Structures are given as structure tokens and as C-alpha cells.
Amino acid sequence: MSRRTLAATGLLLAGLALVACAPSAVPPGTTPSGTATRAATDAADRAPSPTWTPSGFDAALSAELIEMLAQDQADRLAGDGDGTDEERTERLREIIVAHGWPTYSLVGEEAEDAAWAIAQHSDHDPDFQREAREWLRIAVENDDASPGNLAYLTDRIAVGAGEPQTYGTQIGCGEDGPTPSTPIADEAAVDERRAEAGLAPLADYYAELEAVCAAE
């Protein structure tokens, strides 16, 4: 399933629910409560530099990632999923250390989307989100991962840091409908950037979100 296809799925709707409650800006290397994330820092010190190599399909890893996403969505939609965001983040960290980013060639498109969603929902560990983004970026540069997923994660990190977003993907529901969680940098050129990432024009995205916001 591609990032574009997700616009018609519950995964996007669950992501929007998170966007509507966008993470508060926190200093790098801290949790939202201000406590140093020593475990995350230690893990980053141990992690290899981002690289990409061709790989064969790993059916077991693909199935595991898809199940992790099912648990993530069950937590968000019904509150009854197994595990926590923290546990899923740590498992994804282990997968990246062992395999690099879960690419199309390694796990398939659906499981690559699942890996992205876990990283997207790792707001409690912004250091890991930045690390995951660099692995994802290398995979995208080699046509082995979704550029749309990279765009969403890039904006997610920016919003978490209280910075302008690049692609306008992080939109909440304000009193007047869809509202960017942080300003969009150079908004006049945003559709060009969105097209490069395989995303629909911003006006089309807003039109999709109107129905979501109206239902809240």
C-alpha cells in the first residue's frame, strides 16, 4: 500500500488524530517531561551510520511489522492494542540496527508503511525519529522506500520541535477547519515540494481533511 493510497484508509485517519494533538516542542535529547533520554542517547551512540544495500524479502520481519502496526492502530482507535509506543519504538530501533530501514525490497510496501507509522508515532523519542528519518532518506534516495513517508516524518519532527514544516502534512482541526500545526515554510512552493514527494496538492489534502474535522 503506498502513502498515496493511505489517504483512503483508517491509518491516515489515525495519523490525523495524532496530528490534531501535535506533540509539544521539546529540546533534543529530552522527553516531554524534560528528563534526559539516556537510553535513547546510548542507543544512538551504538547505532551504525545510515546506509542502504539491496536485500532479499524477509517474510517474518514483514509480518512482524504489519502486526506492530495493527497493535498501534488498536491502541489509537480502541485503546486495546498490545504493547506501548515505547515498546514499538524500541523494537523498530532494533530492526533498524540489524537491517537498516525496512525497505520495499526487505519487507514490502505495506510493512514499510508500518515501519514509518511506528516512527511517526515515536514522539516520546525525537532523537530516534531523527535517526529513523536519515535511514528512511537513504532508502528513498535508492527508490526503496516511500518519499511520501519521508515527507510526513520530516514534518512530524519539525512540528515536535516547534519549527515550520516543509510539506504541510501535519494538519490539525481548528475552529475553522483544517489548520497547520506549525506554519508551512515557503507555502507558495509547497505544492512543488509535495509533488516531488508523491503527495497531492495541499488544497486537495485540505479537502480530504474537511470531512475528518467535521466529524470531530
Side-chain angles (χ1 to χ4, degrees), residues 1-3 5-26 30-35 37 39-40 43 60-96 102 107-133 136 146 148-149 151-162 165 169-175 177-182 205 208-216:
M1 178 189 323
S2 69
R3 177 68 244 177
T5 304
L6 287 178
T9 69
L11 176 55
L12 178 60
L13 295 180
L16 289 174
L18 256 165
V19 173
C21 302
S24 301
V26 296
T30 65
T31 64
S33 65
T35 304
T37 54
L61 183 58
S62 177
E64 180 184 0
L65 284 164
I66 291 169
E67 176 58 26
M68 287 169 65
L69 177 59
Q71 294 171 1
D72 172 280
Q73 295 298 282
D75 275 347
R76 282 168 169 76
L77 300 177
D80 61 357
D82 293 331
T84 64
D85 282 336
E86 289 77 9
E87 291 169 343
R88 286 184 287 271
T89 294
E90 185 55 33
R91 177 56 185 142
L92 181 58
R93 190 198 314 275
E94 293 170 353
I95 290 169
I96 290 174
V107 298
E109 290 191 23
E110 184 177 1
E112 194 273 332
D113 276 335
W116 158 77
I118 300 304
Q120 189 84 348
H121 296 166
S122 297
D123 299 313
H124 59 279
D125 193 341
D127 287 334
F128 171 71
Q129 286 184 316
R130 287 188 288 271
E131 176 188 339
R133 177 185 58 189
L136 175 53
S146 166
N149 288 348
Y152 271 75
L153 185 55
T154 296
D155 279 357
R156 187 74 169 193
I157 292 167
V159 168
Q165 51 186 306
T169 64
Q170 301 301 281
I171 309 298
C173 295
E175 291 183 1
T179 305
S181 298
T182 61
Y205 185 44
E208 263 190 290
L209 301 186
E210 288 283 0
V212 176
C213 291
E216 288 197 348

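Note that the numbering runs from 1 along the sequence shown for the chain. It should be emphasised that the depicted structure is a prediction, and the values quoted were computed from it without experimental measurement.
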Worksheet item: Who are the side-chain hydrogen bond (donor to acceptor under 3.5 Å, both in side chains) partners of Thr89, not counting sequence neighbours?
Response: Ser122, His124
Worksheet item: To the nearest 0.5 Å, how far apart are CZ in Arg130 and CG in Asp127?
Response: 4.5 Å
Practice prompt. Apply side-chain contact (heavy atoms from CB on, under 4.5 Å) to Glu90 and Phe128, showing your working.
Written response: CA-CA 9 Å; Glu90 185 55 33; Phe128 171 71; over 6 Å; no
Worksheet entry | Heavy-atom pair of closest approach, residues Asp75 and Gly83 | OD2-O, 3.3 Å
Fill in: Residues forming a salt bridge (charged side-chain N to carboxylate O under 4.0 Å, His left out) with Glu87, sequence neighbours excluded
none
Item to complete: Mind checking the CG-OG spacing from Leu136 to Ser146? Nearest 0.5 Å is all I need.
Response: 7.5 Å
Fill in: Arg156-Gln129 side chain donor-acceptor pair, cut-off 3.5 Å
no
Discussion item. Can you confirm whether Leu69 sits close enough to Asp72 that some side-chain heavy atom of one is under 4.5 Å from a side-chain heavy atom of the other?
Written reply: yes
Discussion item. Using 0.5 Å steps for rounding, measure from the CG atom of Asp125 to the CZ atom of Arg93.
Written reply: 5.0 Å
Worksheet item: Is the backbone N or O of Gly177 less than 3.5 Å from a side-chain atom of Thr179, with the two atoms forming a donor-acceptor pair by type?
Response: yes
Practice prompt. Identify the two heavy atoms, one from Ala115 and one from Leu92, that lie closest to each other, and give their separation to 0.1 Å.
Written response: O-CD2, 3.4 Å
Practice prompt. Show your working on side-chain contact (heavy atoms from CB on, under 4.5 Å) between Glu110 and Asp113 and close with a plain yes or no.
Written response: CA-CA 5 Å; Glu110 184 177 1; Asp113 276 335; 5.8 Å; no
Response to the item:
Applying side-chain hydrogen bond (donor to acceptor under 3.5 Å, both in side chains) to Glu112 and not counting sequence neighbours gives Trp101, Asn149
Item to complete: Quick one: list whatever passes salt bridge (charged side-chain N to carboxylate O under 4.0 Å, His left out) with Asp85, sequence neighbours left out.
Response: Arg76, Arg88
Worksheet item: Which atoms form the tightest heavy-atom contact between Ile171 and Pro180, and what is the distance?
Response: CD1-CA, 3.7 Å
Worksheet item: By side-chain contact (heavy atoms from CB on, under 4.5 Å), which residues pair with Thr182, not counting sequence neighbours?
Response: Val159, Gln165
Discussion item. Which residues pass the side-chain contact (heavy atoms from CB on, under 4.5 Å) test with Glu210, not counting sequence neighbours?
Written reply: Pro178
Practice prompt. Could you pull out all residues at least two apart from Ala151 that satisfy side-chain contact (heavy atoms from CB on, under 4.5 Å)?
Written response: Tyr167, Ala197, Leu199
Fill in: CA sep, side-chain torsions, deciding dist, call: Ile118, Arg91, side-chain contact (heavy atoms from CB on, under 4.5 Å)
CA-CA 10 Å; Ile118 300 304; Arg91 177 56 185 142; over 6 Å; no
Item to complete: Give a yes or no on whether the backbone of Gln71 and the side-chain of Asp82 come within a donor-acceptor separation of less than 3.5 Å.
Response: no
Worksheet entry | Short side-chain to backbone donor-acceptor contact, Tyr152 and Gln120, under 3.5 Å | no
Fill in: Side-chain heavy-atom pair Ile95, Pro102 within 4.5 angstrom cut-off
yes
